Amino acid sequence: MPELPEVETIKRDLEKEVVGRRITAVEGDWPKTVSEPEFAIFQKEVTGRKIKALKRRAKNLIISLDKEYLLVHFKMTGHMLVADAGELHKDHWAVKEASSPLADRVNQFIHLAFYLDNGKVMALSDLRKFARVSLVSKERLDTLLAHLGPEPLEDDFDLELFKKQLSGKKGYIKQILLQQEVVAGIGNIYADEILFDAKILPLRKVTDLSNIELKKIYKSIVKILSKAVDLRGTSTSDFRDAAGEKGKYTDIRKVYRRTGEPCLAGCGGVVQRVKISGRSAHYCPNCQK
DNA sequence: TGCAGTGTTGCTTC
DNA sequence: CGAAGCAACACTGC
């Protein structure tokens with residue numbers, strides 16, 4: 001699931017490959033991938049534009065063109081690949097070379113492709129077709145992103161700001177960490193990993209947490225997300241970087257999708273899973289209080 | 001075999 | 001108003 005570390009990985013990969021390039025053609029086989037404007041107009045408007053810069057805001061990738069912006073949200077299974085245009089079979093949107101990491105099955109679901117003036121292609125692969133791309137003005141971009149809370153890896157995200165974002169919030173800490181208006185960019189994987197690191201049970205009510213516990217959660221947010229960016233994200237299922245490769249945080253995760261396995265802190269406990277407002281939460285009942 | 005589970009977000013329903 | 005449920009999809013695992 002592309003959360004903050006995964007989108008940041010894609011952003012950094014693309015930065016090296018596509019900035020300064022001009023888009024020579026746009027093709028797609030699933031028009032709904034483009035939210036706005038209508039697909040044919042999008043195709044016409046984006047063709048010929050130059051890519052100026054890349055940004056990430058929460059789980060969104062923002063591609064600045066010489067005019068307007070491409071706003072990309074990967075949702076569940078989307079990721080952006082860069083390949084030689086010749087590597088793609090245009091007929092069925094699949095990658096040709098079996099030796100390449102791009103040949104991985106999850107990279108074979110290409111629904112939108114931006115051909116570049118250096119013979120490469122920036123391609124959105126998305127098994128479940130939930131990802132969305134928009135071409136928007138600066139004003140529209142700001143409107144669409146206005147609800148988002150602070151970026152947890154920015155300098156201004158300190159303990160006081162975290163507490164302020166939580167004030168007035170009710171419900172379980174796990175549920176609150178997933179709310180993008182509270183802290184931007186945390187999803188199910190890192191919410192579980194953060195709470196394990198902070199030794200706090202996901203079913204704790206936010207209003208019951210002590211100052212010491214809030215500080216632990218704050219520190220774990222910064223620590224875990226930074227570590228995950230360093231390791232290029234988590235690939236328990238579909239996430240891949242721009243080269244089609246898996247993220248390495250998968251190997252050091254402590255609880256996410258480890259139900260029934262021994263706690264890696266060596267406490268003798270077994271990782272449990274519960275449903276919290278429709279989402280799974282993984283935790284160690286020994287380590288987390 | 002078939003159906004629940006997977007998880008992000010926005011929209012609908014209560 | 002806010003919380004809960006569901007739809008958007010497709011594949012995996014039981």
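To find a chain, count down the sequence lines: A is the first, B the second, and so on, and within it residues start at 1. Computed from a prediction, not measured in an experiment: that's the story for all the values here.
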Look at the side-chain N and O atoms of [X] and state whether any lies under 4.0 Å from the OP1 or OP2 oxygen of [N].
X        : N     : result
A:Lys170 : C:dA3 : no
A:Lys275 : B:dT6 : yes
A:Ser280 : B:dG7 : yes
A:Lys75  : C:dC9 : no

Exercise for the section: With rounding to the nearest 0.5 Å, note down the distance linking NZ in A:Lys138 to CD1 in A:Ile62. Expected result: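 One gets 8.0 Å once the value is rounded to the nearest 0.5 Å.
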Measure all distances between protein nitrogen or oxygen atoms and nitrogen or oxygen atoms of nucleotides 10-14 of chain C, and list the pairs falling under 3.5 Å.
{"from": "C:dA10", "atom 1": "OP1", "to": "A:Lys129", "atom 2": "NZ", "distance (Å)": "2.3"}
{"from": "C:dA10", "atom 1": "N1", "to": "A:Arg128", "atom 2": "NH2", "distance (Å)": "3.4"}

Practice task
Determine, step by step, whether A:Arg232 and A:Glu8 satisfy the salt bridge (charged side-chain N to carboxylate O under 4.0 Å, His left out) criterion, reporting the C-alpha distance in whole Å, the side-chain angles of both residues, the deciding distance to 0.1 Å, and the verdict.
Solution key: CA-CA 8 Å; A:Arg232 306 180 56 77; A:Glu8 182 66 25; over 6 Å; no
Rounded to whole angstrom, note down the [atom1] distance from [N] over to [M].
N      : M      : atom1 : result
C:dA7  : B:dA4  : P     : 13 Å
C:dT12 : B:dT9  : C1'   : 23 Å
B:dG7  : C:dG13 : P     : 14 Å

Practice task
Please check if the side chain of A:Glu193 supplies one atom and the backbone of A:Val255 the other of a donor-acceptor pair under 3.5 Å.
Solution key: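 Here the side-chain-to-backbone pair exists.
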Practice task
Check for a donor-acceptor pair, side chain of A:Asn188 on one end and backbone N or O of A:Ser280 on the other, with a separation under 3.5 Å.
Solution key: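 Yes; judged by distance alone, with no hydrogens or angles, the pair exists.
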Problem - pair A:Leu14-A:Leu61: side-chain heavy atoms closer than 4.5 Å - result: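 A:Leu14 vs A:Leu61: side chains touch.
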Practice task
Could you walk me through whether A:Thr77 and A:Asp238 pass the side chain to side chain donor-acceptor pair (under 3.5 Å) test, one step at a time?
Solution key: CA-CA 6 Å; A:Thr77 57; A:Asp238 311 271; 5.5 Å; no
Handout entry: Candidates A:Tyr249, A:Tyr256, A:Phe196 - the one meeting ring pair (Phe, Tyr, Trp, His ring centres under 6.0 Å) with A:Tyr190
Key =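 For A:Tyr190, the ring pair (Phe, Tyr, Trp, His ring centres under 6.0 Å) test succeeds with only one of A:Tyr249, A:Tyr256, A:Phe196, which is A:Tyr249.
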Handout entry: All stems with DNA chain C, defined as three or more consecutive Watson-Crick or G-U pairs under 3.5 Å
Key =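 Listed by first number, the stems are B:2-6 with C:10-14, B:8-14 with C:2-8.
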Return the nearest nucleotide to the side chain of [X]; candidates are [options].
X        : options              : result
A:His73  : B:dT9, B:dG7, B:dG5  : B:dT9
A:Gln180 : C:dA8, B:dT9, C:dA4  : B:dT9
A:Met1   : B:dG7, C:dA8, B:dG10 : B:dG7

Listed pairs under 3.5 Å, donor-acceptor, residues 180-187 of chain A side chains, sequence neighbours left out:
{"from": "A:Gln180", "atom 1": "OE1", "to": "A:Gly185", "atom 2": "N", "distance (Å)": "2.8"}
{"from": "A:Gln180", "atom 1": "NE2", "to": "A:Leu178", "atom 2": "O", "distance (Å)": "3.0"}
{"from": "A:Gln180", "atom 1": "NE2", "to": "A:Ile186", "atom 2": "O", "distance (Å)": "3.0"}

Mind checking [X] for me? I need base, sugar-phosphate or nothing, with any heavy atom below 4.0 Å counting as a touch.
X        : value
A:Tyr256 : sugar-phosphate
A:Arg132 : nothing
A:Gly278 : nothing

Exercise for the section: Locate the shortest heavy-atom distance separating A:Phe42 from A:Ser134; write the atom from each residue and the value. Expected result: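 Smallest heavy-atom distance, with atoms named: CE1-C, 4.3 Å.
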Handout entry: Length of the line joining A:Asp126:CG and C:dC9:P, which is rounded to integer Å
Key =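 In whole Å, C:dC9 P and A:Asp126 CG are 11 Å from each other.
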